[in-house]
Amino acid sequence: MKEELKIFIETKSFIELVSQYSILFPKRSVVFKNRFMDTSFSLLEELYLFNYRKKNMEILFMKISLLDYYIEYGYKNRFFSHKINKELSNKLSFILRLCYGLKRKYSA
């Protein structure tokens, strides 16, 4: 149960970082900002659903891959600095490692 709590705490802190840095997006990229925020919240929603169902792990990995692409896109279009990119990427990779731990735990 400790792993599940850790993944929820880390995902919530990732969402807080994303919302904090969303003010850096220019007005012309409102669609990108909304997609980034929606995918972040849907990742948290899928984690809560996984906590009850213990299946559909692929959806979690798909959401994390999308978030990784959004971070990369934001960095390439200079919405994020190198420091922000590194901070978001590190947080997301830690969430990914926790998801792999959950997969290992429940697949056996």
Item to complete: Identify the heavy atoms of P26 and S29 that sit nearest to each other, and give their distance.
Response: O-OG, 2.9 Å
Item to complete: Would you give the length of the straight line joining atom CD of E16 to atom NZ of K91, rounded to the nearest 0.5 angstrom?
Response: 9.0 Å
Worksheet entry | E46 CD to M62 CE distance, which is reported to the nearest 0.5 Å | 7.5 Å
Worksheet item: Are the ring centres of F25 and F79 closer than 6.0 Å?
Response: yes
Discussion item. Are F32 and L66 connected into the same hydrophobic cluster when the rule is that any two of I, L, V, M, F, W, Y join if their side-chain heavy atoms are below 4.5 Å apart?
Written reply: yes
Item to complete: May I ask you to decide if K86's main-chain N or O and N90's side chain share a donor-acceptor pair within less than 3.5 Å?
Response: yes
Worksheet item: Considering only heavy atoms from C-beta outward, does the side chain of L92 approach that of L96 to under 4.5 Å?
Response: no
Item to complete: Go through the steps to decide whether F61 and K103 satisfy the test side-chain contact (heavy atoms from CB on, under 4.5 Å), and finish with yes or no.
Response: CA-CA 10 Å; F61 293 121; K103 183 178 180 182; 3.8 Å; yes
Item to complete: May I ask you to test the F14-S40 pair for a side-chain heavy-atom distance under 4.5 Å?
Response: yes
Item to complete: Measure the CZ-CD1 distance between R97 and I64 for me, rounded to the nearest 0.5 Å.
Response: 11.5 Å
Worksheet item: Quick one: CG on L60 to CG on L44, what's the gap to the nearest 0.5 Å?
Response: 10.5 Å
Practice prompt. Report, as yes or no, whether the 6.0 Å neighbourhood of atom OH on Y69 holds more than 12 heavy atoms from other residues, nucleotides or ligands.
Written response: no
Fill in: Linked, directly or transitively: I59 and L98 (ILVMFWY side chains, under 4.5 Å)
no
Discussion item. Using side-chain heavy atoms (C-beta onward) and a distance below 4.5 Å, is I84 in contact with L24?
Written reply: yes
Worksheet item: What are the two closest heavy atoms between M37 and S19, and how far apart are they?
Response: CE-CB, 3.7 Å
Worksheet item: Do you know the tightest heavy-atom contact between Y70 and T39?
Response: CE1-OG1, 3.3 Å
Discussion item. Any non-hydrogen side-chain atom of Y21 less than 4.5 Å from a side-chain atom of E87?
Written reply: yes
Worksheet item: Same cluster for Y106 and I7 if Ile/Leu/Val/Met/Phe/Trp/Tyr side chains link at under 4.5 Å?
Response: yes
Worksheet item: Taking atom CG of N51 and atom CG of L102, what is their separation to the nearest 0.5 Å?
Response: 8.5 Å
Worksheet entry | Cluster overlap L43 with Y73, hydrophobic side-chain contacts below 4.5 Å | yes
Item to complete: To the nearest 0.5 Å, tell me how far F94 CZ sits from C99 SG.
Response: 11.0 Å
Worksheet item: Is V18 linked to Y48 within one hydrophobic cluster, defined over Ile, Leu, Val, Met, Phe, Trp and Tyr using a side-chain heavy-atom separation of less than 4.5 Å?
Response: yes
Item to complete: Please report the closest heavy-atom contact between I71 and F80, naming both atoms and the distance.
Response: O-CD1, 3.8 Å
